[in-house]
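No hydrogens, no waters, no symmetry mates; every other heavy atom, side chains included, goes into these values.
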Amino acid sequence: MTITEEIVLNIIENIEKDSHEKNMDYFCISRDIFQARVETFVNRTNRYLESAIIGEIGNNTFDHNWDFDKEHVRGTYFNYEFINGIVVLADFGRGIRESLSLVKKFDNDLEALKSAFTEEISGRAPEQRGNGLKFVAENMINNKWSLYFQSGDACCVIENGDISFIKSKISVIGCLAILSFMEC
């Protein structure tokens, strides 16, 4: 499934609405709540690789965010029943650039996002981590699944086994991931 700008804007609108209404059906305010919802996803779908991808993205919220936008719910937004098999993850945290700027200087969001998906890098240095988003990208590419990942005004788009990095006209707080596990 191609993730269009219309889908992205619809998702952002729904996340904002759910955030302001404090809809806890979708927000996981702690790692244990998030893990329980990932386990529910696995139990309902038997999609283990997909759950590992979801877990990697969602766990980054708890691994890398100490500050959240005060107007929004703290934690990870996780909706695996959005529309047409789309899984949505989002947070209102520091974002990729701010997190990675602890270990490397970036001139813009796009440089930071590209680094996050292509290099072994972590904002949690000196820990030997930083392969998580590379793992996500490799599996999305190999399985020809779709990913739209945005932090700030930078986007990583994976479709039909190809990856690209683009700037968006809009900027998001924290990170937004839209995944489709249907082959393109």
Whether F117 and F149 hold their rings parallel, tilted or perpendicular, with breakpoints at 30° and 60°: perpendicular

Using the six-membered ring wherever Trp is involved, compare the ring planes of Y77 and F27 and label them parallel, tilted or perpendicular (cut-offs 30° and 60°). perpendicular

Working note: N59 + Q35, criterion side chain to side chain donor-acceptor pair (under 3.5 Å); need CA distance, chi angles, decisive distance, verdict. CA-CA 9 Å; N59 282 325; Q35 290 299 332; 2.8 Å; yes

Indicate yes or no: at least one non-hydrogen side-chain atom of I33 is less than 4.5 angstrom from one of F78. no

Side-chain donor or acceptor of Q150 paired with backbone N/O of I170 under 3.5 Å: yes

Expected output: side-chain N143 to main-chain W145 donor-acceptor under 3.5 Å: no

Backbone N/O of D107 and side chain of R97: donor-acceptor pair under 3.5 Å: yes

A side-chain contact here means heavy atoms from C-beta on lying under 4.5 Å apart; do C156 and I163 qualify? yes

Examine distances only and state if a side-chain atom of N160 and a backbone atom of D162 form a donor-acceptor pair shorter than 3.5 Å. no

With a 4.5 Å heavy-atom cut-off, do V88 and L176 have their side chains touching? yes

Gap separating the CG atom of L89 from the CD1 atom of I15, nearest 0.5 angstrom: 9.0 Å

Closest non-hydrogen atom pair, S115 against F106: CB-CE2, 3.6 Å

Which residue is it: L179, I86, T4, I3? I am looking for the one with a side chain to side chain contact (heavy atoms under 4.5 Å, CB included) to Y148. I3

Just so I know, are the side chains of N60 and L133 near enough to count as touching, which here means a heavy-atom distance under 4.5 Å? yes

Report yes or no: does T61 contribute a side-chain atom to a donor-acceptor pair with the main-chain N or O of T76 at less than 3.5 Å? no

For a quick test of reading the model, state the closest non-hydrogen atom pair linking D153 to K167 and the distance between them. OD2-CE, 3.0 Å

From CD (E56) to NZ (K134), nearest 0.5 Å: 12.5 Å

Please report the closest heavy-atom contact between S151 and D109, naming both atoms and the distance. O-CB, 3.8 Å

I141 and G161 have their tightest heavy-atom pair at CG2-O, 3.2 Å

Are any side-chain N or O atoms of E5 and backbone N or O atoms of I7, one a donor and one an acceptor, separated by less than 3.5 Å? no

Closer than 3.5 angstrom, by distance alone: can the side chain of D18 be matched with the main-chain N or O of N23 as a donor-acceptor pair? no

Minimum heavy-atom distance between I173 and G93, given as atom pair plus value: CG2-O, 4.0 Å

Taking E6's backbone N and O only, do any of them form a donor-acceptor pair with N10's side chain (distance below 3.5 Å, no angle check)? no

Are Y26 and N14 close enough that some pair of their side-chain heavy atoms sits under 4.5 Å apart? no

Which value, rounded to the nearest 0.5 Å, describes the distance between I54 atom CD1 and T45 atom OG1? 7.5 Å

I'd like to know whether F165 forms a side chain to side chain contact (heavy atoms under 4.5 Å, CB included) with T118, so could you lay out the CA-CA distance, the side-chain angles of the two residues, the decisive distance to 0.1 Å, and finally the verdict. CA-CA 11 Å; F165 298 91; T118 61; 4.1 Å; yes

Determine whether F92 and E16 make a side-chain contact, defined as any pair of heavy atoms from C-beta on separated by less than 4.5 Å. yes

Could you give the distance from CD1 (I158) to OG (S180), rounded to the nearest 0.5 Å? 12.5 Å

With Y80, which of R44, R47, R37 fulfils side-chain hydrogen bond (donor to acceptor under 3.5 Å, both in side chains)? R44

Would N46 and Y48 count as a side chain to side chain contact (heavy atoms under 4.5 Å, CB included) if you check the C-alpha gap in whole Å, the side-chain angles of each, and the deciding distance to 0.1 Å? CA-CA 6 Å; N46 289 322; Y48 295 95; 3.7 Å; yes

Using every non-hydrogen atom in the two residues, find where L100 and A112 come nearest and quote the distance to one decimal. CD1-O, 3.7 Å

Should R31 and D63 be marked as a side chain to side chain contact (heavy atoms under 4.5 Å, CB included) after you check the CA-CA gap, both sets of side-chain angles, and the distance that decides it? CA-CA 9 Å; R31 185 186 302 269; D63 292 343; 2.4 Å; yes

How far does SG of C175 sit from CG of L113, to the nearest 0.5 angstrom? 8.0 Å

Gap between atom NZ of K114 and atom OG of S164 - 0.5 Å precision: 10.0 Å

